[in-house]
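Everything below concerns the one structure shown next.
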Amino acid sequence: MTIQKVMVIGAGQMGSGIAQVCALAGFHVYMNDLKQEFLDRGLAGITKNLVRSVEKGRMTAEAKDEVLGRLTATTNLEDAKHVDIVIEAAVENMDIKKKIFAQLDGIAPAHAILATNTSSLPITEIAAATNRPEKVIGMHFMNPVPVMKLVEIIRGLQTADEVYAAIEDMTKKLSKVPVEVNDFPGFVSNRVLMPMINEAIFTVYEGVATPEAIDEVMKLGMNHPMGPLTLADFIGLDTCLYIMETLHEGFGDDKYRPCPLLRKYVKAGWLGRKTGRGFYTYET
Ligand SMILES: CC(=O)CC(=O)SCCNC(=O)CCNC(=O)[C@H](O)C(C)(C)COP(=O)(O)OP(=O)(O)OC[C@H]1O[C@@H](n2cnc3c(N)ncnc32)[C@H](O)[C@@H]1OP(=O)(O)O
Ligand SMILES: NC(=O)C1=CN([C@@H]2O[C@H](COP(=O)(O)OP(=O)(O)OC[C@H]3O[C@@H](n4cnc5c(N)ncnc54)[C@H](O)[C@@H]3O)[C@@H](O)[C@H]2O)C=CC1
């Protein structure tokens, strides 16, 4: 199975990063979002990262232009008819993902793989929204995509071996490291990471310490590159809440209950870095 053309759905922090690394690796990329302004923001972020690489001497200006030339921004999902693989990175919501996959199933060529960058949602359930469950797979990149080496690859119940092999091969072409895991809520990454973040939020909620103190403990005490609350703001508090809800519902175990403070912040629109306010404040 040869992959040359890719569509990335969603031009947010993950989608734009995935589009960037795919274009850098030589794939032609269609980047799709609901509105042109979202695509413009994604493209601006990609351009900024590539310009930085030129300034640092890691890339020539010509190479940067070639990479940008491989990117087509489109609000038209019908462009999926041109591609060999779609990587979906829209919001972490099952209904939205199912709708996107059902639409893609009717548009993308019969040979095309439909991959999702979901953080936690069952691949098998997303696959069931299509008539090609054997071609649906989880391809979970880490944030920030251009920097982080891991891609967690998740097979749905019916994912074909050749589809897994094609994704493993593509991951290596992106200079990333594939790790195979089974389809359970949160997979491995967020089954382990997100309860820690949720517990850090409970620690604020119960007044044990300030966000600054909690982050300092985990950074200096455990050598984490970012404290858990800085990381939560970086991931997006909406995404953190969706993941905790998926774990809570998926396992039916109260140990995964989302902290009420996390809910409150999301309800207030405090989603972290992307909205300028979460546990900390940011310039937008
Ligand atoms: C929720 C999920 O489903 C799964 C997830 O993704 S969970 C989140 C997983 N990610 C993490 O845990 C990230 C933890 N944090 C880190 O590893 C680091 O803080 C970090 C890599 C983000 C930044 O590293 P740092 O050393 O603190 O900062 P900084 O010196 O500014 O950046 C290091 C390099 O990364 C690059 N970088 C940082 N943020 C970037 C971004 N958003 N996009 C592109 N490049 C970025 C910088 O340009 C810099 O590159 P150069 O040295 O080549 O110029
Ligand atoms: N934020 C993180 O650290 C990580 C997030 N993920 C997952 O990646 C996905 C995207 O997350 P982020 O990029 O952080 O979110 P984001 O909020 O930055 O971006 C989401 C983008 O998807 C677009 N979108 C929504 N519905 C759409 C549709 N129907 N068609 C096309 N575009 C649509 C939005 O307009 C927005 O631009 C989620 O499933 C998330 O769980 C995976 C790994 C890490």
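One-based numbering, in listed order, for ligands and for the atoms of each. Here, residue 1 is the first one in the sequence, and each next residue gets the next number. Computed from a predicted structure; not experimentally measured.
In the candidate list G15, A89, G42, A89 is nearest to atom 20 (C) of ligand 2, counting heavy atoms. Of all the listed residues (G12, A90, G17, S189), A90 holds the heavy atom that lies closest to atom 10 (C) of ligand 2. Checking R58, E55, K56 against atom 53 (O) of ligand 1, the nearest heavy atom belongs to R58. Among T230, T239, L193, the residue whose heavy atom sits closest to atom 7 (S) of ligand 1 is L193. Residue nearest to atom 8 (O) of ligand 2, selected from I18, T116, N117: N117 (by heavy-atom distance). The heavy atom nearest to atom 40 (C) of ligand 1, considering only G45, S53, P146, P144, is found in P144.
Inside a 4.0 Å radius of atom 25 (P) of ligand 1 there is not any protein heavy atom. For atom 1 (C) of ligand 1, the nearest protein heavy atom is under 4.0 Å away. Remark: atom 28 (O) of ligand 1 lies closer than 4.0 Å to no protein heavy atom. Distance check for atom 32 (O) of ligand 1: every protein heavy atom is found at 4.0 Å or beyond. Counting only heavy atoms, the protein never gets under 4.0 Å from atom 20 (C) of ligand 1. Within a 4.0 Å radius of atom 17 (O) of ligand 1, the protein has at least one heavy atom. Using a 4.0 Å threshold on non-hydrogen atoms, atom 35 (O) of ligand 1 counts as touching the protein.
In this structure, the protein non-hydrogen atom closest to atom 6 (O) of ligand 1 is N143 N, 2.8 Å. Nearest protein heavy-atom neighbour of atom 3 (O) of ligand 2: N143 ND2, 3.0 Å. The single protein non-hydrogen atom nearest to atom 5 (C) of ligand 2 is M14 CG, 3.3 Å, given as residue, atom name and distance. Nearest protein heavy-atom contact of atom 17 (O) of ligand 2 is K274 NZ, 3.2 Å. Atom 41 (O) of ligand 2 has as its closest protein heavy atom S119 OG, 2.7 Å. Of the protein's non-hydrogen atoms, D33 OD1, 3.4 Å is the one closest to atom 32 (N) of ligand 2. Atom 30 (N) of ligand 2 has as its closest protein heavy atom L34 CD2, 3.6 Å. Atom 1 (N) of ligand 2 has its closest protein heavy atom at I235 O, 2.8 Å.
Close contacts of ligand 1 with N49, meaning ligand atoms under 4.0 Å from a residue heavy atom, involve 43 (N), 44 (C). Set against the non-hydrogen atoms of I235, the atoms of ligand 1 under 4.0 Å away are 1 (C), 7 (S). Within ligand 1, the atoms closer than 4.0 Å to a non-hydrogen atom of L231 are 8 (C), 11 (C), 12 (O), numbered from 1 in the order shown. Close approach of ligand 1 to V147 (heavy-atom distance below 4.0 Å) involves ligand atoms 21 (C), 35 (O), 36 (C), 37 (N), 45 (N), 46 (C). Of all atoms in ligand 1, listed by their number and element, those nearer than 4.0 Å to a heavy atom of M142 are 4 (C), 5 (C), 6 (O).
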Q: List the steps and the verdict of side-chain hydrogen bond (donor to acceptor under 3.5 Å, both in side chains) for S120 and N190.
A: CA-CA 7 Å; S120 60; N190 282 313; 6.0 Å; no
Q: Show the numbers, then the answer: is there a salt bridge (Lys or Arg N to Asp or Glu O under 4.0 Å) between R41 and D33?
A: CA-CA 11 Å; R41 199 168 51 198; D33 208 310; over 6 Å; no
Q: Assess whether salt bridge (Lys or Arg N to Asp or Glu O under 4.0 Å) is satisfied between E125 and K98, documenting all intermediate values.
A: CA-CA 8 Å; E125 191 176 342; K98 277 187 179 166; 3.0 Å; yes
Q: Test R155 against D161 for salt bridge (Lys or Arg N to Asp or Glu O under 4.0 Å), laying out the working first.
A: CA-CA 9 Å; R155 288 178 194 252; D161 287 346; 2.8 Å; yes
Q. Going through the checks in order, is the salt bridge (Lys or Arg N to Asp or Glu O under 4.0 Å) test met by K99 and D95?
A. CA-CA 6 Å; K99 200 168 151 215; D95 291 341; over 6 Å; no
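Aromatic pair Y265/F279: ring centres closer than 6.0 Å.
The shell of residues lying under 4.0 angstrom from ligand 1, judged by heavy atoms, excludes M14. Residue contacts with ligand 1 include H140, since one of its heavy atoms falls under 4.0 Å from the ligand. At least one heavy atom of H140 sits less than 4.0 Å from an atom of ligand 2.
At a heavy-atom cutoff of 4.0 Å, ligand 1 is contacted by the side chain of R52 but not by its backbone. By the criterion of a heavy-atom distance under 4.0 Å, neither the backbone nor the side chain of K99 is placed next to ligand 2. Looking at Y242 against ligand 2, nothing comes within 4.0 Å, counting heavy atoms. With a heavy-atom cut-off of 4.0 Å, I100 touches ligand 2 through its side chain alone. Contacts between T239 and ligand 2 below 4.0 angstrom, taking non-hydrogen atoms only, involve the side chain exclusively. Neither the backbone nor the side chain of H224 has any atom closer than 4.0 Å to an atom of ligand 1 (non-hydrogen atoms only).
With respect to E245 and R263, a salt bridge is recorded, a charged nitrogen being found less than 4.0 Å from a carboxylate O.
There is no side-chain donor-acceptor pair under 3.5 Å between D253 and H248. With hydrogens and angles left out, the side-chain atoms of T74 and D79 include a donor and acceptor closer than 3.5 Å. T230 and D215 share a donor-acceptor pair across their side chains, judged by distance under 3.5 Å alone. For the residue pair D233 and Y282, a side-chain donor N or O sits within less than 3.5 Å of a side-chain acceptor on the partner. At a cut-off of 3.5 Å, with distance as the only test, a side-chain donor of E92 or T118 sits close to an acceptor on the other residue.
The shortest N or O to N or O distance between I96 and ligand 2 is not under 3.5 Å. Between E92 and ligand 2, at least one N/O pair is under 3.5 Å apart. No N or O atom of R41 sits closer than 3.5 Å to an N or O atom of ligand 2. In terms of polar-atom proximity, M142 is not counted as a contact of ligand 2, lacking any N or O under 3.5 Å from an N or O of the ligand. Residue T118 places no N or O, backbone or side chain, under 3.5 Å from any N or O of ligand 2. Of the polar atoms of Q13, at least one N or O is found under 3.5 Å from an N or O of ligand 2, judged by distance alone.
Both Y280 and V266 sit in one connected hydrophobic cluster of ILVMFWY residues. Membership requires side-chain heavy atoms under 4.5 Å apart, directly or through other members. One hydrophobic cluster, built from ILVMFWY side chains closer than 4.5 Å, cannot hold both M142 and L193; they sit in different ones. Connection of I3 to V163 is established within a shared hydrophobic cluster, with ILVMFWY side chains joined at heavy-atom distances below 4.5 Å, either directly or through further cluster members.
Between the side chain of E88 and the backbone N or O of V8 there is no donor-acceptor pair closer than 3.5 Å.
Counting only heavy atoms from C-beta outward, the side chains of M31 and Q20 never approach each other to under 4.5 Å.
Annotation: cation-pi pair R191/F251 present, NZ/CZ under 6.0 Å from the ring centroid and within 45° of its normal.
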